[in-house]
Protein chains: 2
Amino acid sequence: MEKNESISRIQGAITRNSELFEELAQLYKIFADSSRVKILCALTQSEMCVSEISEFLSITQSAVSHQLRILKTSNLVKTRRAGKSIIYSLTDDHVRTIIDCGMDHIAE
Amino acid sequence: MEKNESISRIQGAITRNSELFEELAQLYKIFADSSRVKILCALTQSEMCVSEISEFLSITQSAVSHQLRILKTSNLVKTRRAGKSIIYSLTDDHVRTIIDCGMDHIAE
DNA sequence: TCCATATATGAGCATTTGTTCATATGTTCA
DNA sequence: TGAACATATGAACAAATGCTCATATATGGA
């Protein structure tokens, strides 16, 4: 059976960059939960503390903290302390771009 | 305790559009697996049949079929029959845009 | 210093997810 | 029509995920 040259090149490229795709999937995994994507979208509008985020998600403060830890570990958000509160904000504008990109698709 | 006007508006916007964010998370969920993202990236280069895709992923033909079904149900890919083979291709260019968007972030 | 408030963390649990195995469906060709 | 090939589907299962509950840590004010 003849083997298509072009397909073979593509297969090779994917295989060689396997780690890159793992990383890419890992990134999307972060956006793949409605709580997290809501948090991220809120933070594109303004920095917020944990309790403010808790207010509009219907989940406990604990759950919010767990999610924020994931976002922080992935370097998507950063924190600063303000008295008793911890203020969360986006580390850069990539998040906004990624969300917009997905929204564009949904809008069809 | 004083309630920040601007934060309150953001919270409201997120809550009102809750379903939209569910949908957005659902979209990212599709990209949140390395097998699927590899398939999608391959298809940005060329249409392919199932066995060609099986070749470069280290998973069984069955697993590939299951993943392709998810992609098709989500309308990210379409199919056509060519003899014994089923040829998969992207339904539109949004997929490419979304992948590029994520890649940009990884590149830092 | 003691208490209230704000956030973080660990254990436990139910749900979801991605894979494999076995098998069914569908197509081509002798 | 029957064998070989290509793909799809269902069941089963291990691993990952997101939540809650209980509790720990940290800050500010009386």
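In what follows, chains are A, B, ... by sequence order, proteins preceding strands, each numbered from 1.
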TODO: Using whole Å, report how far CZ of Arg80(B) lies from P of dA6(D).
DONE: 16 Å
Task: Residue pair Lys38(B) / Thr15(A), side-chain donor-acceptor N/O under 3.5 Å - done: no
Task: For atom CD1 of Ile53(B) and atom C1' of dA6(D), their distance in whole Å - done: 13 Å
Task: Which residue lies more 5' along DNA chain D, comparing Arg69(B) with Asp33(A) via nearest heavy atoms - done: Arg69(B)
Task: Whole angstrom value for the distance that separates P of dA30(D) from NZ of Lys84(A) - done: 10 Å
TODO: Indicate whether the side chain of Ser65(A) and that of Gln61(A) have a donor and an acceptor atom separated by less than 3.5 Å.
DONE: yes
Open item on the list: If you compare every side-chain N and O of Tyr88(A) against the phosphate oxygens of dA6(C) (OP1, OP2), does one of them come in below 4.0 Å?
Closed with: no
Open item on the list: At less than 4.0 Å, is any side-chain N or O atom of Gln67(B) found next to OP1 or OP2 of dT17(C)? Yes or no.
Closed with: no
Task: No-H, no-angle donor-acceptor pair, Gln61(A) side chain to dA8(C) base, under 3.5 Å - done: yes
Open item on the list: Under 4.0 Å, heavy atoms only, any strand: does Ser62(B) hit a base, just the sugar-phosphate, or nothing?
Closed with: base
Open item on the list: Of the listed nucleotides (dC19(D), dT19(C), dT17(C)), which one gets closest to any side-chain atom of Ile59(A)?
Closed with: dC19(D)
Open item on the list: Can you confirm whether Leu68(B) sits close enough to Thr79(B) that some side-chain heavy atom of one is under 4.5 Å from a side-chain heavy atom of the other?
Closed with: no
Task: Any Arg81(B) side-chain nitrogen or oxygen under 4.0 Å from OP1 or OP2 of dT27(C) - done: yes
TODO: State, with a plain yes or no, whether a side-chain heavy atom of Phe31(A) is found less than 4.5 Å away from one of Leu76(A).
DONE: yes
Open item on the list: Using a heavy-atom cut-off of 4.0 Å across all strands, would you classify Ser51(B) as base, sugar-phosphate, or nothing?
Closed with: sugar-phosphate
Task: Cys101(B) and Thr97(A), any side-chain heavy atoms less than 4.5 Å apart - done: yes
Open item on the list: In whole Å, I'd like the distance from the CZ atom of Arg36(B) to the C1' atom of dT17(C).
Closed with: 8 Å
Open item on the list: Please report the distance, rounded to the nearest Å, between OH in Tyr28(A) and P in dT17(D).
Closed with: 18 Å
TODO: Find the distance His66(B):NE2 to dC13(D):P and express it as a whole number of Å.
DONE: 15 Å
Open item on the list: What contact category does Ser85(A) fall into here, base, sugar-phosphate, or nothing, at under 4.0 angstrom with non-hydrogen atoms?
Closed with: sugar-phosphate
- [ ] Check the distance between dC19(D)'s C1' and Leu68(A)'s CG and give it to me in whole angstrom.
- [x] 14 Å
TODO: Verify the contact: side-chain N or O of Thr60(B) to OP1 or OP2 of dT20(C), cut-off strictly under 4.0 Å; return yes or no.
DONE: yes
- [ ] Write down the distance between CD1 (Ile86(A)) and C1' (dT5(C)), rounded to a whole number of angstrom.
- [x] 13 Å
